[in-house]
Amino acid sequence: MSIEKSENGLGRRDLLKLSAAAGVAVAGASLIGQKPAFAAGEELSLKGKRIAISATGTDHFFDLQAYNAQIEEVKRIGGEPIAVDAGRNDGKLVSQLQTLIAQKPDAIVQILGTLSVIDPWLKKARDAGIPVLTVDVGSTNSINNTTSDNWGIGKDLALQLVSDIGGEGNIVVFNGFYGVTPCAIRYDQLVNVVKYFPKVKILQPELRDVIPNTVQDAFTQITAILNKYPEKGSIKAIWSAWDIPQLGATQALEAAGRTEIRTYGVDGSPEVLQLIADPNSPAGADVAQQPAEIGRTAIRNVAKLLAGQTLPRETYVPALLANKTNVGEVTKKLGIG
């Protein structure tokens, strides 16, 4: 049986798969901006409770939005926040978790972090009788993890990339934070999708994104890659598990006049969404999360737990894939455009 090819080289079956993925993304979009539905008459309260909020860092849009929203939500429902920011320093992060455990708060919420660094201390907190909840941390020591559906995010972004490059070509991948659970899941989903498109190749060695100076470092690394692959068409796309490397990569492509290459990332930082909205920019797609709502949801889960409710292992807050076609709708739904 013959399979008709679209103009971009993908077959009918491939397009059906991509359409199905797009449907999932749109379904998630319908929930964006909606407040979670609580049981009738339910009143959440943290009156008299001290809630510790430990942030790995707040230099990124996602982190800062989630962190500030958690502080505000604790106050809003009557609690006292104990908020600390490690400034992307693992030693400081461990020290602040030690200090929080000694202060014996009613709960600790950890925002992000490399699992091998923070997990021993999350365990110590639980062993001390302090409930531990997390944001974007896949720890067995967390009672509940509030996050986006990173399996869906990774799959949808990968399918968008494959569609945009016509199902063939070399792609450059940043893979510097595989120890961070969401980044690992998104990367694994990229690999899972690409293996079904044998003409798509991830160039080796993969690049390592860094913190701090993420934008400048990504700019430098991509500039070097472009010098190594000067022919147009030799690289089709650049992928990163979050969108700050995407920002630096996009700037490097513009500086080199290689805007035929597309960039892809995750988080929905306003400056990246602005680039996607520019038809002349090589920024191809970005999955926009709702960090403030993720932060608020985590605190509501703390209140539910302390009120005696049973929480699910994970709570998912919808995300939405933004591309050149729908970015205006996405930014409007997110309230940032």
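Quantities reported herein were computed from a predicted structural model and do not represent experimental measurements.
Here the CD1 atom belonging to I202 is positioned 4.5 Å from the CD1 atom belonging to I171, to the nearest 0.5 angstrom. To the nearest 0.5 angstrom, T315 atom OG1 is 4.0 Å from N144 atom CG. Rounded to the nearest 0.5 Å, atoms CD (E260) and CD1 (I235) are 9.0 Å apart. The distance from the CZ atom of R50 to the CD1 atom of I130 is 9.0 Å, given to the nearest 0.5 Å. Taken from OH in Y264 to OG1 in T250, the straight-line distance is 10.5 Å, to the nearest 0.5 Å. Here the CD atom belonging to Q110 is positioned 10.5 Å from the CG atom belonging to D119, to the nearest 0.5 angstrom.
Heavy atoms of other residues, nucleotides or ligands lying less than 6.0 angstrom from NZ of K124 number 12 at most.
Side-chain N or O atoms of K304 include none that pairs as donor or acceptor with a backbone N or O of T310 at under 3.5 Å. Between the side chain of N323 and the backbone N or O of T325 there is at least one donor-acceptor pair closer than 3.5 Å. The backbone N or O of G265 sits less than 3.5 Å from a side-chain atom of Q246, completing a donor-acceptor pair. Under a 3.5 Å cut-off, the side chain of S234 and the backbone N or O of E231 do form a donor-acceptor pair. At distances below 3.5 Å, at least one donor-acceptor pair connects side-chain atoms of N326 with backbone N or O atoms of L321. Under the 3.5 Å distance criterion, the side-chain polar atoms of K232 are left unmatched by any main-chain donor or acceptor of I261. The closest donor-acceptor contact from the side chain of K201 to the backbone of E168 lies at 3.5 Å or more, if one exists at all. Between the side chain of E254 and the backbone N or O of P282 there is no donor-acceptor pair closer than 3.5 Å. The main-chain N or O of L159 is never found under 3.5 Å from a side-chain atom of S163 such that the two would form a donor-acceptor pair. For the pair D106 (side chain) and I51 (backbone), a donor-acceptor distance under 3.5 Å is absent.
For the side chain to side chain contact (heavy atoms under 4.5 Å, CB included) criterion with I244, the lone passing option out of D209, V215, D217, D59 is V215. Each of V287, N175, V266 was checked for a side chain to side chain contact (heavy atoms under 4.5 Å, CB included) with R186, and the lone residue meeting it is V266. Evaluated for a side-chain hydrogen bond (donor to acceptor under 3.5 Å, both in side chains) with E314, the options N145, T146, T147 yield exactly one hit, N145.
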Apply side chain to side chain contact (heavy atoms under 4.5 Å, CB included) to residues I153 and Q289 and explain how you reach the verdict. CA-CA 9 Å; I153 283 175; Q289 300 190 84; 4.2 Å; yes
Pair F62, D243 - check side chain to side chain contact (heavy atoms under 4.5 Å, CB included), show working. CA-CA 10 Å; F62 178 98; D243 61 12; over 6 Å; no
Chi angles and distances behind the side chain to side chain contact (heavy atoms under 4.5 Å, CB included) call for R126, S142: CA-CA 8 Å; R126 289 200 69 177; S142 171; over 6 Å; no
For R208 and E206, run salt bridge (charged side-chain N to carboxylate O under 4.0 Å, His left out): C-alpha distance rounded to whole Å, both residues' side-chain angles, the deciding distance at 0.1 Å, then the answer. CA-CA 7 Å; R208 294 185 61 82; E206 296 171 339; over 6 Å; no
Full working for side chain to side chain contact (heavy atoms under 4.5 Å, CB included) between N141 and V132: CA-CA 7 Å; N141 294 300; V132 173; 5.6 Å; no
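In terms of heavy atoms, G57 sits closest to D85 at CA-OD1, 3.2 Å. Closest approach of L305 and P131 over heavy atoms only: CD2-CB, 3.7 Å. Between V117 and D90, the shortest heavy-atom contact is CG2-OD2, 3.7 Å. The nearest pair of heavy atoms linking V74 to P81 is CG1-N, 3.5 Å. Considering all non-hydrogen atoms of both residues, L273 and G268 come closest at CD1-O, 3.6 Å.
Counting heavy atoms from C-beta outward, I101 and I108 have side chains that approach closer than 4.5 Å. Under the 4.5 Å side-chain criterion, counting only non-hydrogen atoms from C-beta, W151 is not in contact with D188. No side-chain heavy atom of L157 sits less than 4.5 Å from a side-chain heavy atom of L190. Contact of the I238 side chain with the L253 side chain is registered, since non-hydrogen atoms from C-beta on lie closer than 4.5 Å. V162 has its side chain out of reach of Y196: every pair of non-hydrogen atoms, C-beta onward, lies at least 4.5 Å apart. A 4.5 Å side-chain heavy-atom check between L207 and I222 finds at least one atom pair inside the cut-off. Using a 4.5 Å heavy-atom threshold, the side chains of W242 and T214 count as touching. Side-chain contact check for R262 versus L161: every heavy-atom pair is 4.5 Å or farther apart.
Residues I294 and V330 fall within the same hydrophobic cluster, defined by Ile, Leu, Val, Met, Phe, Trp and Tyr side chains chained together at heavy-atom separations under 4.5 Å. Note: the hydrophobic cluster containing I225 also contains F174 (ILVMFWY, side chain heavy atoms under 4.5 Å, direct or indirect links). L311 and Y316 are not part of a single hydrophobic cluster, where members link through side-chain heavy atoms under 4.5 Å apart.
Side-chain polar atoms of D156 and Q160 form no donor-acceptor pair below 3.5 angstrom. Side chains of T259 and N280: a donor-acceptor N/O pair is absent below 3.5 angstrom, by distance only.
Ionic pairing of R76 and E73 is present here: one or more N-O contacts between side-chain nitrogen and carboxylate oxygen are shorter than 4.0 angstrom. Residues E329 and K332 are not paired through a salt bridge, judged by the lack of any N-O separation under 4.0 Å between the basic side chain and the carboxylate.
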